[in-house]
Amino acid sequence: MTIDLKTIKHISKLSRISLEDEKAKKLATDLSSIFEFIEKLNELDTKGIDPLTSIAETTLKFRKDEVKSQNIREKILKNSPSDNEDFFVVPKVVE
Amino acid sequence: MTKNNSEFIITRENKNYEVVIGLEVHAQVLSNSKLFSSSSTKFGAEPNTQVSLVDAAFPGMLPVINEFCIKQAIKTGIGLRAKINNKSVFDRKNYFYADLPQGYQISQYKYPIVGEGKVILDMPYGQKEIGIERLHLEQDAGKSIHDVDPENTMVDLNRSGVALMEIVSKPDLSSPEEVNIYIKKLRSIMRYLGTCDGNMQEGSLRADVNVSVKQKGEDKLGTRCEIKNVNSIKFMQMAIIYEANRQVDLLEEGKNIEQETRLFDTKKNETRSMRTKEDAHDYRYFPDPDLLPLEVTDEFIDSIKADIPELPDEKKKRFIEKFKLTPYEATILVSDIETSKYFEEVIKDSDVKLSTNWITGELFALLNDRNLEISNSPISAKNLSKLINLIKNGTISGKIAKTVFELMIDGDKDPEVIVNEKGLKQQSDPKELEKLILKIIEDNEEKVKEYKSGKDKLFGFFVGQAMKASGGKANPKLLNEILKNKLSK
Amino acid sequence: MTDITSLTLTELVKNIKVKKLSSSEITKAFVERSEKSKDLNTYITEEFSSAINKAKKFDEKPNFDLKLPGIPIAVKDLFCTNGVKTTAGSKILNNFIPTYESTVTQNIWDQGGILLGKLNCDEFAMGSSNETSFFGNVQNPIDKNLVPGGSSGGSSSSLAANLTPVTIGTDTGGSIRQPASFTGTVGLKPTYGSCSRYGIVAFASSLDQAGPMSKNVKDCSLLLEVISSYDPKDSTSIEFKRNNYSKELTNNIKGKKIGIPKEYRVEGMPNEIEELWKKGIEYIKECGAEVVDISLPHTNYALPTYYIVAPAEASSNLARYDGVKYGFRTKGKNLIDMYEKTRSDGFGNEVKRRIMIGTYVLSSGYYDAYYLKAQKVRRLIKKDFDESYGKVDAILTPSTPSSAFKIGEKTNDPISMYLNDIFTVPVNLAGLPAISIPAGFDNEGYPLGLQIIGKAFDEQTILNIAYSMEEKINFKNKITDWWIK
Ligand SMILES: [Mg+2]
Ligand SMILES: [Zn+2]
C-alpha cells in the first residue's frame, strides 16, 4: 500500500499538524513502507473474532456523585500560554 | 392510534411537499458532579471556577465515571419505554476545538446505554407515536466567548465534562407543532423523573434538528440537513420553516440538496452552512482505552425501575378514569409535574370539577399574565382548595369568588379570612332574604303590577334590585326561589 | 568502604536502617556523580539542591519503617511531578509545571523516596533509542555513542552509570525491558492495571504501564512493591491482592514449568543471542525447573498490530497538546492556524509520524481494515498466551533481537527501529508482566538480556525465576566511567 501526498495532506489536516511539502513527501515514503509492513495482518483470517479493546480484566468502577474538586482556577490557568487570569485565550474564532 | 394529518404542507405550483424532521436532543443530566470528574455542575459560576484537572485535560489525567449519571440515563430510558442495554461502550469522538480540551469528546457511538423507545404525543388530531432511536451519555464541551475581545476568543471550561443525554428520535416528526409538543413531552417526562431540569434558558435542553423534504405521498426520504444546537422551541420551529422552504425552493429550481451542517441565525431568521467542504469532518470514533465497557446488571436496572414515579401518560389515564376529567383537561393537568402535584393537592379535599375549572381558568391566566411557573404560584394549593370549598358549600358565589381570588394573590392570603374581614359571605338566610325582597316589592308597586299582568321580563329587574340590596352577596338560587314565590302571590 | 553509588537499593536501605549511612551522605554521593556525568545527558531536570535539602530533613527526623527511607531516586520525565517541570521529552511541554503528582511517584515519596531529577526519554515515550527526545541523545555508559535503548533511555543510562540507585520507567511496547537489556540492568513491566496510570503522560492507554528498573532482582521486587497499588483515579487500575514481592522473593523454583516459544527464533538474529537463550534454558534446568516447548503462533503479527493500536491511541491522546491550556504555543492568524503551527513546531518527527499513522488507521473508510483488524489480531495474540499458560508457569525468551546499536544507526529506517521491540511488544498487547535480566554479553562486550514473561498478576513467579537465574548468571556489568573527565 502506498500513501500518496494527497492522503498525507488530508491526515495532516485532520491531525492539525501543518507540513511543508518536503516533509510531507518524506512522510509519504515512510508511511508507505510502514503500511506495507502493517499489512502483514491481511494474511490472517479474523472473521468472527471478537475485537479486544481493553486488556484490563475487570469491570468499569463507578464513582459517587460528589463534588470534591473545588475552585482551582489559578492552578488550571497557571500553565496557560496567555496571561489572562479568568479565561483560556485563543485567536478569534469565527463561526 | 398513529395518525398523521399534521397538515404542514409546503405548496409550490400544485406540488405538495411534506417535511420530515428528526431531533437529537441534548439534555443535561441533573447531577451534583460531572460525568467523569468531581467538579460541580452548578449553573452560573464565575468562569473556570468549576474546572478540575480532568476537565481541562491535563497530561496524565483520567476519567472516572459518575454512577448517578448512569442511573439518570437509565431512568430516562425507562421513561422513554426504551430498551436498556446491559453493556455499552464509551468512545472518543475526535475533533479540535477551543472549548474541547481533550481534543475529543467522550461519547457513546456504536453501543449506547439506551436503545429503541417511544414517546406519545397528544395532538389535536389524536395521539401520535414518535420513535426513539437511542439515548447515549456524553460530555458537554466548554463555552467559547467571542464578543468580549475583538481579537481573541475566551474559553470558559465550567461546562466542560458535564453529563449530557443525547436523545435521538426517529424521523417521525412532520411539523413545527409536533416538534413543539415533542420537546414539551420529553421535558415533561424528564422533569417527572428528575433527570433533567429542562431549563432551556440555561441550556439544559438543546437540539440538533434534522430536516428533509419530500413530495407528498412519496416514500423515499430526501437529503437532510442538520441544524446545530438550537436552544428554544420557537427557534426550532422558525429554523424548520425556513429550512424546509429553502430545500423546497432548491428542488423546484432543479438543484440538489447537499447534506450538511447548518446554523440557525436567530437575528436574520435563516439557516446557513456552517462548515466548508475542505474542512470535512472525520471524527475517528474508537473505544476510549481509558474506560472499560460499561456493564449494568438486571438487578441494577430493576432497582432503578422500582424508583420510577407515575409518568404523564399513566397519570393522565388515572385522572380520566378516577376523576372523570376530559382527555383535554387531563393532558393539560399532567403536562408538567408541578401542575399535576398542585392539582392533586387542591382536590385532596375539594370538588374535582370546580378545581379543574379554577386551575385551568383563573390560575393559569394569572400565571400566564405574570409569566410564572406553577411552582412559584402566588396562590398556594391549600388556599385555592379553601376557596373552592367556600364556593361549593355556598359560603360565597362564584362571582364573589373571583373578587376573593384577586385579593388572595398578594401574600397568598387565606380566602376564609378575606371573606370574613370583608364581609363577603353569601346571604343564605331565607328570613333575611325574604325581608329584603318584601321591601323591594313594597317600593316598586307599579313594577309588581306590570309583572303580574304578564310582563315576565321584569323578573330580572327584581333579581338585580335584590342582589344590589344584598351587596352582591345574596345566594342567587335562594333569591330566585323566594322572589318567584313572593311575586306569584 | 566501596563507593556509595555502586551499592544496590537493598544495601543502601540496610545501611540507612543501621545508621551506617545517612540520607544526606547517600544523596550527596549520587548528586556528585550525576554532576560529573552530564555528558551522558540523562537528566532533563535536576532537582539536586532540593534533594539534598529533603535528605537533610529526613535525617533530622528519620522514619526507618519506610521501604525507601531517605533514598534519592531519579524518575523518567513522563511522570508528572508536583511543582517540577515535566516535559515527556517534548518541546510542546517544555515549560509545563504540573500542580499534581502521579500516583506511582507519590507512592515512592510516601515510602521515603526523594526526587533527584527527571530523566530523559524518547518524546512521549515513542522510540527505542532515546534519539527522539527534544533534549537530545542519551549516551549508554557501556560505550561511547551507543544508544541506551528507549524510550526509558535516561532511566537505564542513569541506573547503569550509578547516578540513581533505582529508577522507574514506562513500558508501552518494551520501553523498560529493551533499555534494561541494552544497559545490563533489570527492568520489569508489570501486569496491565497493576500500577496506576494517573499522572503519567499518556502514550497508548491500553498498553502503557509504569515499572521498576534496578541493578538486581531484589531491588526490582522492592520497588515494585512500592509502586504497585490499586488507584480509584484510574478506571483501568485493578484491585487484586498485591504481594510483598521482596519478602516473598525466593530462589526455589523447583517444579515450575517454563515455556520456550519456537516463534522467538527470528531470522537474522545474532548467534550470540541464540546461545544466550540456550544458556538461560540450562540455568533454569539447573534450578530444578522444567522446560517445555510451546508455540505462540501469532507472534509475528504482534508488531504490525502494535503499530496500529499504539499510534491510534496516541493520535487521540496527544490531541490535548494544542497550545491552549499549557505548554508551547506558536502564534497563528486564527485558531486552526495556531493549532497547526503549534503542533508542527512542538512535536518532533517520530511523534508526528505516529500521530499520522494513528489518524489514518482510525479515519473513515480505514477503521475496519486497520484498527478493527488489529484489535481482532490482538485477541488472537492474547489467546496464544492464555493457551500456553494452561501448560506453563512462565515463558523464557530473549529480551531483544540485538544488543545496543550506535547512535544514528537506525534513525533513518523506522522499520528496523521498530523491529527492536519484536520480543517485548506481544507482552504489552496481552497485558502480561515480564522482566528483563542481564544474562551475558555479545562479541563487542555489550550486554544482552533475557525476558521472563508471566501470567497476569503473577509478578512473584517471574521475579523468583529471575532471582534464581541471576544467581547462576552472576552478571557483572562492564562500566569504565569513560564519560567522567
Ligand atoms: Mg448531532
Ligand atoms: Zn451529542
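Note that the structure is predicted; figures quoted are calculated from it, not measured. Here is the naming used below: chain letters follow the sequence lines, and residue numbers restart at 1 for every chain. Just so it is clear, the values below take in all heavy atoms, side chains as well, and ignore hydrogens, waters and symmetry mates.
Neither the backbone nor the side chain of C:F240 comes within less than 4.5 Å of any heavy atom in chain A. Residue C:I357 touches chain A through both its backbone and its side chain, counting heavy-atom pairs closer than 4.5 Å. Only the side chain of C:M338 has a heavy atom closer than 4.5 Å to any heavy atom of chain A. Using a 4.5 Å cut-off between heavy atoms, A:F37 touches chain C through backbone and side chain atoms alike. Heavy atoms of C:L318 lying under 4.5 Å from chain A are absent altogether. Only the side chain of C:N349 comes within contact range of chain A, with at least one heavy atom under 4.5 Å from a heavy atom of that chain. Residue C:K382 touches chain A through its side chain alone, counting heavy-atom pairs closer than 4.5 Å. Proximity to chain A is absent for every atom of C:S205, based on heavy atoms less than 4.5 angstrom apart. Of the two parts of A:E20, neither the backbone nor the side chain holds a non-hydrogen atom closer than 4.5 Å to a non-hydrogen atom of chain C. For a residue to count as touching a neighbouring chain, one of its non-hydrogen atoms must lie under 4.5 Å from one of that chain's; by this rule C:Y100 does not touch chain A.
Counting heavy atoms from C-beta on, the side chains of C:F96 and C:T87 never come closer than 4.5 Å. Contact check for A:F35 versus C:V361: side-chain heavy atoms found under the 4.5 Å cut-off.
Interface remark: of the candidates A:I72, A:L60, A:D50, A:D50 forms the most heavy-atom pairs closer than 4.5 Å to chain C. Note: C:Y301 leads C:Y192, C:Y371, C:Y339, C:Y301 in heavy-atom pairs under 4.5 Å with chain A. Heavy-atom pairs under 4.5 Å with chain C were tallied for A:L41, A:I34, A:V90, A:V89; the largest tally goes to A:L41. Chain A forms the most heavy-atom pairs under 4.5 Å with one residue out of C:T342, C:T236, C:I238, and that residue is C:I238.
You'll find the ring centres of C:Y418 and C:Y306 outside the 6.0 Å limit.
The aromatic rings of C:F347 and C:F124 sit perpendicular to each other, their planes meeting at more than 60°, with 30° as the lower class boundary.
Salt bridge present: C:R353 and A:D30 bring a charged side-chain N and a carboxylate O closer than 4.0 Å. Between C:D345 and C:R329 there is no salt bridge, since none of the side-chain N atoms of the basic residue sits less than 4.0 Å from a carboxylate O of the acidic one. The pair A:K78-A:E74 does not count as a salt bridge, with every side-chain nitrogen at least 4.0 angstrom from each carboxylate oxygen.
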